[in-house]
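For the numbers below, each heavy atom of this structure counts, side chains included, while hydrogens, waters and symmetry mates do not.
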Amino acid sequence: LYAAQFCYIVSAVEFGTYSKKSSKLVLLCSSVGDKSVEEFASNEAIQCTEIYEFVQKLGNQEYEIPSLQPFKFLHAIRLVEAGLVSRAQDYCREIAEFVMRNPSRVETDFMPDFVIQLQYLADRLKYQDPQYTTSSGELSEIPDPEWMTRFAETVASLGTGGTNLLSPDTTEQETLSYGGNMYNEEEA
């Protein structure tokens, strides 16, 4: 943790976004500067900020860092790359719950189609959900987990409601991307 970040935390400075280079706090243990997303958003920085968010939630259950959600998604992609698909699916569920609770507070920052990409990744990982792993019968007969159904409804309302976080021509994603890197569904 940088000394300046400690001072900002103590003085209750709000977390900013990666795109706004003048932000004082975005991720703990990292500073924006001229770094690419990949260099800036190390696993250590994401996890350190998640720990801070968790500790704050112990005192205030309503505390959340909206600008952290795209970084959590980035971490989920990295978990998939490392073969930890069950943990990645847990991240997707947690981020989706945030989006469903706070559709107007979603920060897309460096990833404008973050919500659509999250839905796409969650759909690809849904077979890791206990609803599928513990059920018997044909997969096509097992309904999607309840959280995925609610999330799909929220995503649809974001695209048609007052808060349009989805680009007009965004429908089904074929790839996941961040920082110029592309991930095909075969990799997910």
Donor-acceptor check, side chain of Tyr18 to backbone of Val37, threshold 3.5 angstrom: yes or no? yes

Any donor and acceptor pair, going by atom type alone, linking the side chain of Asn102 with main-chain N or O of Phe98 inside 3.5 Å? yes

Going by heavy atoms in the side chains, are [X] and [Y] under 4.5 Å from each other?
X: Val85; Y: Gln89; answer: no
X: Gln5; Y: Lys24; answer: no
X: Thr49; Y: Glu53; answer: no
X: Thr17; Y: Lys20; answer: yes

Output the distance between atom [atom1] ([X]) and atom [atom2] ([Y]), rounded to the nearest 0.5 Å.
X: Cys92; Y: Arg124; atom1: SG; atom2: CZ; value: 12.0 Å
X: Ile46; Y: Cys29; atom1: CD1; atom2: SG; value: 12.0 Å
X: Tyr120; Y: Asp123; atom1: OH; atom2: CG; value: 8.5 Å

Between Val106 and Gln69, is the side chain to side chain contact (heavy atoms under 4.5 Å, CB included) condition met? List the steps. CA-CA 8 Å; Val106 174; Gln69 306 314 306; over 6 Å; no

Following the transitive rule for hydrophobic clusters with a side-chain heavy-atom cut-off under 4.5 Å over Ile, Leu, Val, Met, Phe, Trp and Tyr, establish whether [X] and [Y] coincide in one cluster.
X: Ile77; Y: Phe40; result: yes
X: Ile95; Y: Leu125; result: yes
X: Ile65; Y: Val13; result: yes
X: Tyr63; Y: Met100; result: yes

Could you check whether Phe15 and Tyr8 have their ring centres less than 6.0 Å apart? no

Mind listing the closest non-hydrogen atom pair of [X] and [Y] along with its distance?
X: Pro103; Y: Leu158; result: CB-CD2, 3.7 Å
X: Ala96; Y: Leu118; result: N-CD2, 3.9 Å
X: Ala41; Y: Leu27; result: CA-CD1, 3.8 Å
X: Pro70; Y: Met111; result: O-CE, 4.3 Å
X: Phe151; Y: Val115; result: CZ-O, 4.0 Å
X: Ser30; Y: Ala45; result: CB-CB, 3.8 Å

What class does the angle between the rings of Phe73 and Phe114 fall in, given that below 30° is parallel, 30 to 60° is tilted and above 60° is perpendicular? perpendicular

Kindly check if the number of other-residue, nucleotide or ligand heavy atoms within 6.0 Å of CD (Glu94) is above 12? yes

Tell me if the CZ atom of Arg87 is crowded by more than 12 foreign heavy atoms within 6.0 Å. no

Do you see a donor-acceptor pair shorter than 3.5 Å between the side chains of Asn43 and Gln47? no

Does this structure show an ion pair linking [X] with [Y], if we count only N-O contacts that are shorter than 4.0 Å?
X: Glu62; Y: Arg101; answer: no
X: Arg93; Y: Glu97; answer: no
X: Lys57; Y: Glu50; answer: no

Side chain to side chain contact (heavy atoms under 4.5 Å, CB included), that's the test. Do Lys72 and Leu68 meet it? Break it down for me. CA-CA 6 Å; Lys72 287 181 179 179; Leu68 180 58; 3.7 Å; yes

